Amino acid sequence: MGDFDLDLQTAEGELDEAEGGGRVVLGVLDGTTDPITWVEHVESGDVLVLSVEGDLNELAAPFARDIRDLGGELMHFRDFLVVSPPGRDIDTDRLE
């Protein structure tokens, strides 16, 4: 076999930040958290899983449009609101 030169340090330096590099943030959506906080989490690549305590439409209205304008997704699942950042789809295939 021929010589194969693999420079891992150089290759690592060329890689972009890993996709999906945010956290999963658990929280409560009850109107006590400033809506900008949720938007900032999504802007930084976090996925939100928020337990909904109250009227979902009323509680999510202050930030839902901002999330969608960023390219994020919102999905109501059982008693939770799942919010994903741009580029991270919420897969609902297993719910059928």
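Reckoned from all heavy atoms, side chains included, excluding hydrogens, waters and symmetry mates. In this text, all values refer to a predicted model and were calculated from it rather than measured experimentally. Residues: numbered from 1 along the sequence shown.
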Can you confirm whether [X] sits close enough to [Y] that some side-chain heavy atom of one is under 4.5 Å from a side-chain heavy atom of the other?
X: V42; Y: L48; result: yes
X: V83; Y: E73; result: no
X: M75; Y: T92; result: yes
X: I90; Y: F77; result: no

Practice problem: With rounding to the nearest 0.5 Å, note down the distance linking CG in L26 to CZ in R23. | Solution: 10.5 Å

Practice problem: Determine whether more than 12 heavy atoms belonging to other residues, nucleotides or ligands lie under 6.0 Å from atom CD1 of I36. | Solution: no

Quiz item: What pairs with R68 under side-chain contact (heavy atoms from CB on, under 4.5 Å), at least two apart in sequence or on another chain?
Solution: A64, L74

Quiz prompt | Selection residues 30-42 - residue pairs positive for side-chain hydrogen bond (donor to acceptor under 3.5 Å, both in side chains), sequence neighbours left out | solution = D30-T32, H41-D46

Quick one: closest heavy-atom pair of [X] and [Y], and the distance?
X: L29; Y: L59; result: O-CD1, 3.3 Å
X: P85; Y: G45; result: CG-O, 3.5 Å
X: L81; Y: H76; result: CD1-N, 4.2 Å

Quiz item: Are V52 and I67 linked, directly or through other ILVMFWY residues, by side chains that come within less than 4.5 angstrom of each other?
Solution: yes

